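A quick note: this is a predicted structure, and the numbers were derived from the prediction, not measured. Sequence positions, counted from 1, serve as the residue numbers for this chain.
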Amino acid sequence: MLSGRRLDLLDPTPMDIEIEDIAHGLAFVARWNGQTVGDWPYSVAEHSLLVEQLFSRANPGIAARWQLAALLHDAPEYVIGDMISPVKAAVGPGYGALDDRLAAAIHLRFGLPAQLPAAIKKGIKRADRISAWLEAIQIAGFSRAEADRFFGAPDEALVRGARIRPRAPVEARAEFLATHSRLMQAAIA
């Protein structure tokens with residue numbers, strides 16, 4: 001990793017995880033395999049920020065630690081990249097196991113339980129699907145009907161005012177780090 005840490009993908013430990021590595025990696029991983037409008041690819045860092053915002057909107061007053069979990073929901077992709085669901089299925093259960101091991105180490109590193117409570121995981125997944133819906137119609141060329149069919153029509157109150165603007169990796173990385181810092185401080189307060 002750029003921090004100098006060595007990460008064993010098959011046996012990751014929390015001590016080998018640095019938020020700067022995660023933010024940097026996610027800021028350079030393109031969602032939708034880069035098939036989005038704009039001068040910059042839409043990064044996993046930007047997607048993670050949006051998921052955290054949507055999760056927080058859907059769950060007013062939820063503890064900062066769970067907002068942090070939402071921000072970090074795709075953190076393993078900083079080393080394994082972002083794959084569309086059909087490719088993940090074709091790779092098989094090995095991909096899921098690798099993702100789960102990395103997620104557990106990341107969670108422990110930042111004071112979260114290795115396995116998130118089912119209700120939190122479900123809420124984050126819901127925000128993730130709403131994010132995918134927004135991305136689909138705003139930057140990936142889907143019609144609203146197509147996005148509704150693939151991701152489900154979201155609650156209008158949750159998406160009102162949400163605008164996606166792909167930006168330079170350095171900007172996405174900085175906002176990811178700032179959000180992480182704010183949520184970590186709130187979680188320990």
What distance do Asp8 atom CG and Arg101 atom CZ have between them, rounded to the nearest 0.5 Å? 9.0 Å
Looking at Leu108 and Pro14, what are the two nearest heavy atoms and their distance? CB-CG, 3.7 Å
Check the side chains of Ser48 and Asp74 for a donor-acceptor pair under 3.5 angstrom, ignoring hydrogens and angles. no
Can you list the other members of the hydrophobic cluster that holds Ile139, where links are side-chain heavy atoms under 4.5 angstrom apart? Trp32, Val37, Tyr42, Leu50, Leu54, Ile130, Trp133, Leu134, Ile137, Phe142, Phe150, Phe151, Leu158, Val159, Ile164
Hey, are the side chains of Val29 and Tyr78 touching, using non-hydrogen atoms and a 4.5 Å cut-off? no
May I ask you to decide if Phe55's main-chain N or O and Asn59's side chain share a donor-acceptor pair within less than 3.5 Å? yes
For a quick test of reading the model, state the closest non-hydrogen atom pair linking Ser43 to Ala27 and the distance between them. CB-O, 3.4 Å
ILVMFWY network linking Leu177 to Val79, side-chain heavy atoms under 4.5 angstrom: yes
Closer than 4.0 angstrom, basic N to acidic O: yes or no for Arg144 and Glu156? yes
Just verifying a value: how many Å separate Ile22 CD1 and Phe176 CZ, rounded to the nearest 0.5 Å? 6.5 Å
Straight-line distance of His107 NE2 to Arg65 CZ, nearest 0.5 Å: 10.5 Å
Answer yes if the side chains of Asp82 and His47 hold a donor-acceptor pair under 3.5 Å, and no otherwise. no
Atom CZ of Arg126: over 12 foreign heavy atoms under 6.0 Å: no
Donor-acceptor pair, side chain of Asn33 and main chain of Gln35, under 3.5 angstrom: no
Could you verify whether a donor N or O on one side chain and an acceptor N or O on the other, from Asp128 and Ser131, lie under 3.5 Å apart? no
Scan residues 31-47 for pairs that pass salt bridge (Lys or Arg N to Asp or Glu O under 4.0 Å), counting only residues two or more places apart or in two chains. Arg31-Glu135, Glu46-Arg167
Heavy-atom neighbours of Gln115 CD exceed 12 at 6.0 Å: no
Using every non-hydrogen atom in the two residues, find where Pro117 and Trp66 come nearest and quote the distance to one decimal. CD-CH2, 3.6 Å
Point-to-point distance, once rounded to the nearest 0.5 Å, from CD1 of Ile106 to CG of Asp99: 8.5 Å
Against Glu52, only a single residue in His73, Arg57, His180, Gln67 fulfils side-chain contact (heavy atoms from CB on, under 4.5 Å); can you say which? Gln67
Approximate separation, where rounding is to 0.5 Å, of Thr179 OG1 and Leu49 CG: 5.0 Å
To check you understand the geometry: which heavy-atom pair defines the closest contact between Met1 and Arg6, and what is its length? N-NH1, 3.9 Å
Roughly how far apart are Ile80 CD1 and Leu98 CG, rounded to 0.5 Å? 5.0 Å
Short question: side chain of Asp16, backbone of Arg5 - any donor-acceptor pair under 3.5 Å? no
Stepwise side chain to side chain contact (heavy atoms under 4.5 Å, CB included) check, Lys122 with Lys125: CA-CA 5 Å; Lys122 183 178 179 182; Lys125 188 62 183 167; 5.6 Å; no
Same cluster for Phe28 and Leu7 if Ile/Leu/Val/Met/Phe/Trp/Tyr side chains link at under 4.5 Å? no
Minimum heavy-atom distance His24-Arg173, with the two atoms named: ND1-NH1, 2.8 Å
Go through it in stages, so that I can follow the logic: the residues are Arg109 and Glu18, the test is salt bridge (Lys or Arg N to Asp or Glu O under 4.0 Å), and I'd like the CA-CA distance, side-chain angles, deciding distance and then a yes or no. CA-CA 8 Å; Arg109 172 66 173 89; Glu18 295 293 340; 3.6 Å; yes
